[in-house]
Structures are given as structure tokens and as C-alpha cells.
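Below is one structure, written out as C-alpha cells, with a few remarks after it.
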Amino acid sequence: MFNKILIANRGEIALRVVRACQELGVRSVAVYSDADANAPHVREADEAVRLGPAPSRESYLLGDAIIAAALKSGAEAIHPGYGFLSEREFFARAVRDAGLAFVGPPAEAIAAMGSKTAARQLAIAAGTPVVPGTTTALVDAAEATAVAEQFGYPVLLKAAAGGGGKGMRVVREAGEIATALDSARREAKNAFGDDAVYVEKYIEGPRHVEIQVLGDQHGTMLHLGERECSVQRRHQKMIEEAPSVAVDAELRARMGAAAVAAARAAGYVNAGTCEFLLARDGQFYFLEMNTRIQVEHPVTELVTGIDLVQWQLRIAAGERLPFVQEEISPRGWAIECRITSEDPSNGFLPSTGTISHLHLPSGPGVRWDGGIETGSTVGLHYDPMLAKLIVWAPTREAAVSRMHRALRELVVEGVETSRDFHLRVMEDAEFRAGAIEIQWLERRLPSLLGVAPPHAEVRVAAIAAALLAHRDRGRGRPGAGALRSSSDAPDSVAAWGRAARVEGLRPS
Ligand code: MV4
């Protein structure tokens, strides 16, 4: 095992890697921007190196400065986390060329999966099912029309350099194809600097199910089952779970084998994820491979009992995976809610401020992977995800109930968060029935946000508000201190606001 590694990331994932290091007896080096000088990941690591000012381009994206910091501190490896430099071929290569281990896949595997058309060719060669469509970029609208006729409408135009839904256009009839191709090309050029676009048959109403894979440097490649990630908004996942209600042991084995075959074909090593669409008719199709540890990895850890981040480090250090496929199967149910600094009642507008009060949930089956503490400032320089709340329980029903309980324990004051939104989802009949697909959230958002919170909770909040207002009057300082939500709000309104937030309601 390594003696020391550098963590090229921030926030909750940097802390997650620090924790794995501590458990393995590995010393950790944090890096930070000026915005993060007092961040928990900097304090909890054994050492820390300043990179530069707050903007990512001047700090967390400075590959050369990060590699120089690793060499200077005597680190033997770099863990890239997710986002930032984690899926950049040039960075993985530069780390290797500097004589350091990259805690992730080989640069060649990142490159192979980076182009969606190349990934489709790889998957097809490996026998992994892909959505019917082309495996090379389109020449012009005439070719797009001919291909669409062959597969039948609707079709989806996709950016070859893409991912994350950018440069995607649904085309429902021949007359729309030329305009759609132009706009897909323009968007792809803007986002990726590459206007190559290809065509797939458009799959209606599928689930997004992904398979976690783990491969060592000695030829063992295993899958750790699926995660259900259909609850997303504008290509941002909000809730993930493992296993999926739509996947039984037989389908898991087939999807797992398909993911392992695609990963092998790319020469993959370390932790990775194959994304699939699972259609209503039970057919599954490979979409792309994420060549990094993912935000939602904890749900897989909780149902398999395998610590993915520890295994990332062990694999990078040359250890062999000691498991066989047959002994890996999900036990119980895990759900993750992403706690973001966004205001669900205001179109998920990013919210900034200082965390003035934080009360974390705990108790049976509750895990908090966070990057914030009281006093943390939340700005606009980085991703709005503050933390993940993850629960495990023996059944899905019990896990939903446990997540609802844990969300009610959570108090974040100082910025708006997604907490109340998650409470409403946990109370929703369709979600509780597992009747979700990739368009579910956007279709249900208005009704989820418009729904009246449970009567019993409104009652508790009203009583709490009355007591808080009474306490303030007793002090003779109306709206004093923590009770005041805005300087000019009447006392009772401030108290109601605070009580309502604690109960997951919203003052009207
Ligand atoms: C699709 C699709 C339907 N049919 N491909 C969106 C991002 C990129 N990873 C692939 N995406 C999709 N590809 C075909 N042929 C629907 C989506 C899609 C989606 C996929 C996964 C999770 C959320 C999604 C939301 C909208 C569309």
C-alpha cells in the first residue's frame, strides 16, 4: 500500500478519500483554493497545499501544479475524485509520466470511452447491446434522414464528444431533422469544441440503470450490481438507489456480464460505471461508461459491503481483488439523497451564504457523506452539492421510511437546500411504488412542490412557532438572534419560518 497520496479534489469526495486513507494507514495530502482554506477536507488531511484563487481554472483544474504538489510532498499517487480532472486523459497520462500512480483507469481507457461513437464500437465488439443507431459521426442531414428511415422515428441526435445530455435533440419526423442537426452541432461545438453528431433510435420512457464495475491490474473484472438513477432533473441526478426495483437476479447477471465485457474491451482497471437505458419492455442498452468514482457510489457500498474507495487505492497499489462474482449480491436496500444548496421552490436556483446551523441525522442505517460544517461558506464557484444523505434498511419500504426520518432530523440553516424536496419525494405514492423513469421527476415536479405537507407536521410546526415566539416575547427582544429569518420580519413570521424549515415545511 502507498505511504502517502494526494487528493486532487474538494468537498465531500475529498473527505471520503481522506477517510479511506485513514482506515488504510495512508497519509493524505489535500489541495485547496482560497475559497476552501478553512474547509473540512483541508483540516482532516495530514497535509495541505494551496493551489490558487477560488475559480477552478486557477486551482482544482491546474494539473501541473497538482502533480508538482504531489512530487514535492512525497506522495506516490493521486486520487482525482469525480469532476475536475478525473476523466481527463491528459491528466491521467501526466500523472503516470511523472512516475505517480493514478487512482483510476489507464489514460487509454479514459480516451476509449471518451468518444461516444468509439465507446459504441467497443461495446458492439464486446457483444454488449447498444441502442440501434450509427457508430460514426454523420456527414450531413441527408445521411441523418436515411438513417432515421432505417431505424424509424423518433430518433435522437447525440454529440459524439458528449455526455450529460448536451448536444442532444429528439427528432420525431423527417421535416425536423435538418434544423435539429444544425442546433445539435452548434451546441456540441460550444460545449466540447467538437461538432460531431451521430444518431440513435429514441427510447421512450426508460429507466437509467447503471452497473458498477471493479477491475484489478491482474485481469480480474467484477460487477457490483446496479444503481437505479432515474430520479434526475436536467441530467442532474437527485436520488439514487441500489438495487433497482426493475432488476431481478437474472437481469442483474446479464447486465453485469455486459458491463464487464465492455469494461474489458476498453482495457479498464479500477472502479468504473457502465450506464444503461432499461426500456419498458425489459431490453437494456449500453449508453456510455463513466471512468471515475461516482457521486452515488455509497449505495453500492451499503448493499454489497465492499468499500469502493478503499479498493480503488488497493487496486492502484497493485493488490488483487479477493472476491469472486458469485459471492457478490445485494443485501437489503440503500437510498441516497443529494443535499444541494438549491431552492426547489424557486426553480432550483443556487443559494449562497454561510452555514449558520447544522444538525446531522444519525441513528440506525444512516450515513452522511458531507463536505460542510457550521461556518462553511457556500458560494457559486463550485458544484452546489453540499453532502449526500444515504440510508440502508432491509427492504425498500423500510429504506424510504428511514430516509424520511433522517431528512426530518437534518437541519441546515443559512442556505436554502433540497431537503424539503426530498421529504416530499419520500412521501410520494408513485416514488414509494418504485414507478419511476427518466422523465418522472420533471413531470411530477409541479405536483411534488405544490403538495401540502402532512397535516401532523404542519401542526407540530405551528406549535413550535408559537413556543418560539412566546420565548422571544419573554426575553423582551422581539425576533432576537437565531429566531430572526430576516431583519424586518415580524416576530411570529420569523418563528414560523424557522419552525417550518425544521419540519421540512415552507412558510407561505
Ligand atoms: C437516450 C435517451 C433515449 N434514447 N438515448 C441523456 C444523457 C446521456 N447520458 C444519454 N441520455 C439519454 N440517451 C436514447 N437512444 C434518453 C436519454 C436521457 C436520459 C438518460 C439517462 C438519464 C436521464 C436522462 C434524461 C433525459 C434523457
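For ligands, and for the atoms within them, numbers begin at 1 and follow the listed sequence.
E87 and R292 are joined by a salt bridge, as a carboxylate oxygen and a charged side-chain nitrogen come within less than 4.0 angstrom of each other. Look at R207 and E240 and you find no salt bridge, because none of the NZ, NE, NH1 or NH2 atoms lies under 4.0 Å from a carboxylate O. Salt-bridge check for E288 with K158: failed, with every basic side-chain N at 4.0 Å or more from each acidic carboxylate O.
Note on ring orientation: taking the six-membered ring where Trp is involved, the planes of W440 and F431 are tilted (angle from 30° to 60°).
By the side-chain hydrogen bond (donor to acceptor under 3.5 Å, both in side chains) test, E250 pairs with R254, sequence neighbours left out.
Listed by chain and number, V131, L156, K158, G165, M168, E200, K201, Y202, I203, H208, Q232, H235, E275, L277, L287, E288, I438 each place a non-hydrogen atom less than 4.0 angstrom from ligand 1.
Remark: of the listed residues E296, E226, Q294, H223, Q294 is the sole one forming a side-chain hydrogen bond (donor to acceptor under 3.5 Å, both in side chains) with T273.
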